[in-house]
Visitor: 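One structure, as structure tokens, below. Some questions next.
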Number of protein chains: 2
Amino acid sequence: MTSTASGVEPGEIELGAVLSALADPHRRRVIRDLVNDADGSERSCTSFGLDLSKSTRSHHFKVLREAGLVHQVDRGNRSGVTLRRGDLDRRFPGLLALIGSQSSD
Amino acid sequence: MTSTASGVEPGEIELGAVLSALADPHRRRVIRDLVNDADGSERSCTSFGLDLSKSTRSHHFKVLREAGLVHQVDRGNRSGVTLRRGDLDRRFPGLLALIGSQSSD
DNA sequence: ACCAAGGTTCTACTTGCATCGTACCTCAAC
DNA sequence: GTTGAGGTACGATGCAAGTAGAACCTTGGT
């Protein structure tokens with residue numbers, strides 16, 4: 001029903017949760033791709049080419065969502081994942097640029 | 001014997017390891033304190049007020065060392081911990097500033 | 001010479017986390 | 001309306017990580 005879906009408040013984003021989320025290579029790859037996408041672009045969970053079972057993939061997006069890194073819009077069929085660029089740049093300036101600039105490690 | 005003690009090469013510092021290291025609150029606190037210290041200042045492991053057993057404390061400094069975040073000089077009695085500010089700023093610009101600016105979360 | 005304090009290593013325990021399979025839901029397409 | 005694909009939730013499992021205690025080493029201070 002196009003709800004905003006379980007994300008923390010902009011002011012509640014915690015550095016520990018963000019760093020834990022970004023410590024995982026798969027999740028970091030998702031964020032890197034989103035950073036380098038056009039601003040506000042919406043992608044589905046499967047579009048990142050993660051080589052994982054779909055339950056594991058869903059889990060990782062839940063972590064990203066609960067850490068406050070992405071918004072996820074329920075479109076019934078698929079789900080629209082967007083980077084919370086504004087909130088993140090405001091709270092952790094330079095972080096997204098850093099993630100986006102890394103080649104793959 | 002004042003050896004340089006098990007640190008990765010400047011070019012070998014990996015973002016994943018750094019983020020994993022910083023995901024832990026205790027380790028993040030150590031780095032935050034070091035960032036806000038005078039440049040190149042050397043501190044002992046106990047000087048950070050970590051409420052942990054000394055074996056656990058030693059473990060955390062090993063993680064920081066192996067991730068490339070700190071150098072540790074063996075002075076026999078105590079140990080001199082220093083932040084690898086130059087290497088880190090060069091490789092991950094903005095990261096240390098980010099950690100240093102966080103109050104405590 | 002002794003003792004206390006700072007560190008490291010080893011071992012062990014416990015918790016957390018990544019992973020997957022299954023079941024279930026929603027919608028788009030045929 | 002049935003099927004298939006995208007997602008979520010739950011339960012189970014296996015490995016990684018945080019924690020601490022004990023034994024040991026080194027050195028500064030008494």
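Just so it is clear: chains get the letters A, B, ... in the order the sequence lines come, proteins before strands, and each one is counted from 1. FYI, side chains are in, hydrogens and waters are out, and symmetry mates aren't considered; it's all heavy atoms of this structure.
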Visitor: With sequence neighbours left out, write down each residue that passes ring-ring contact (aromatic ring centres under 6.0 Å, His included) with B:His60, or none if nothing qualifies.
Guide: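 B:His60 satisfies ring-ring contact (aromatic ring centres under 6.0 Å, His included) with B:His26 once adjacent residues are dropped.
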Visitor: Once salt bridge (charged side-chain N to carboxylate O under 4.0 Å, His left out) is applied, do any residues pair with A:Asp39, and if so which ones, sequence neighbours excluded?
Guide: A:Arg85
Visitor: List for me each residue that meets salt bridge (charged side-chain N to carboxylate O under 4.0 Å, His left out) alongside A:Asp87, sequence neighbours excluded, and say none if there are none.
Guide: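 For A:Asp87, the residues satisfying salt bridge (charged side-chain N to carboxylate O under 4.0 Å, His left out) (neighbours in sequence not counted) are A:Arg84, A:Arg90.
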Visitor: Rounded to whole Å, how long is the line connecting atom CG of B:Asp24 with atom C1' of D:dG18?
Guide: 8 Å
Visitor: C:dA5 C1' sits how many Å from B:Arg75 CZ, rounded?
Guide: 17 Å
Visitor: According to side chain to side chain donor-acceptor pair (under 3.5 Å), who are the partners of B:Ser53, at least two apart in sequence or on a separate chain?
Guide: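 B:Ser53 satisfies side chain to side chain donor-acceptor pair (under 3.5 Å) with B:Ser55, B:Thr56 once adjacent residues are dropped.
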Visitor: Over how many whole Å does the gap from B:Leu19 atom CG to C:dC17 atom P extend?
Guide: 16 Å
Visitor: Within this structure, what is the CD-to-P distance between B:Glu66 and D:dG18, rounded to whole angstrom?
Guide: 12 Å
Visitor: B:Asn77: what forms a side-chain contact (heavy atoms from CB on, under 4.5 Å) with it, not counting sequence neighbours?
Guide: none
Visitor: Considering residues at least two apart in sequence or located in another chain, which fulfil the salt bridge (charged side-chain N to carboxylate O under 4.0 Å, His left out) criterion with B:Arg78?
Guide: none
Visitor: So, B:Gln72 and B:Ser79: side-chain donor and acceptor under 3.5 Å apart, yes or no?
Guide: yes
Visitor: I'd like to check the salt bridge (charged side-chain N to carboxylate O under 4.0 Å, His left out) partners of A:Asp89; sequence neighbours left out, ordered by chain and number.
Guide: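 Salt bridge (charged side-chain N to carboxylate O under 4.0 Å, His left out) list for A:Asp89, sorted by chain: empty.
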Visitor: Produce the list of close N/O pairs, under 3.5 Å, pairing protein atoms with atoms of nucleotides 12-15 of chain C; give distances to one decimal.
Guide:
none

Visitor: Let me have a per-nucleotide readout for nucleotides 6-11 of chain C, 5' to 3', with B, S or -, counting only protein heavy atoms under 4.0 Å.
Guide: BBBB--
Visitor: Does the side chain of A:His60 get closer than 4.0 angstrom to OP1 or OP2 of C:dC17 through an N or O atom?
Guide: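 For C:dC17, OP1/OP2 do not have a side-chain N/O of A:His60 under 4.0 Å.
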Visitor: Using whole Å, what does the distance between atom C1' of nucleotide D:dT19 and atom CG of B:Leu50 come to?
Guide: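 For the pair B:Leu50 CG and D:dT19 C1', the rounded distance is 13 Å.
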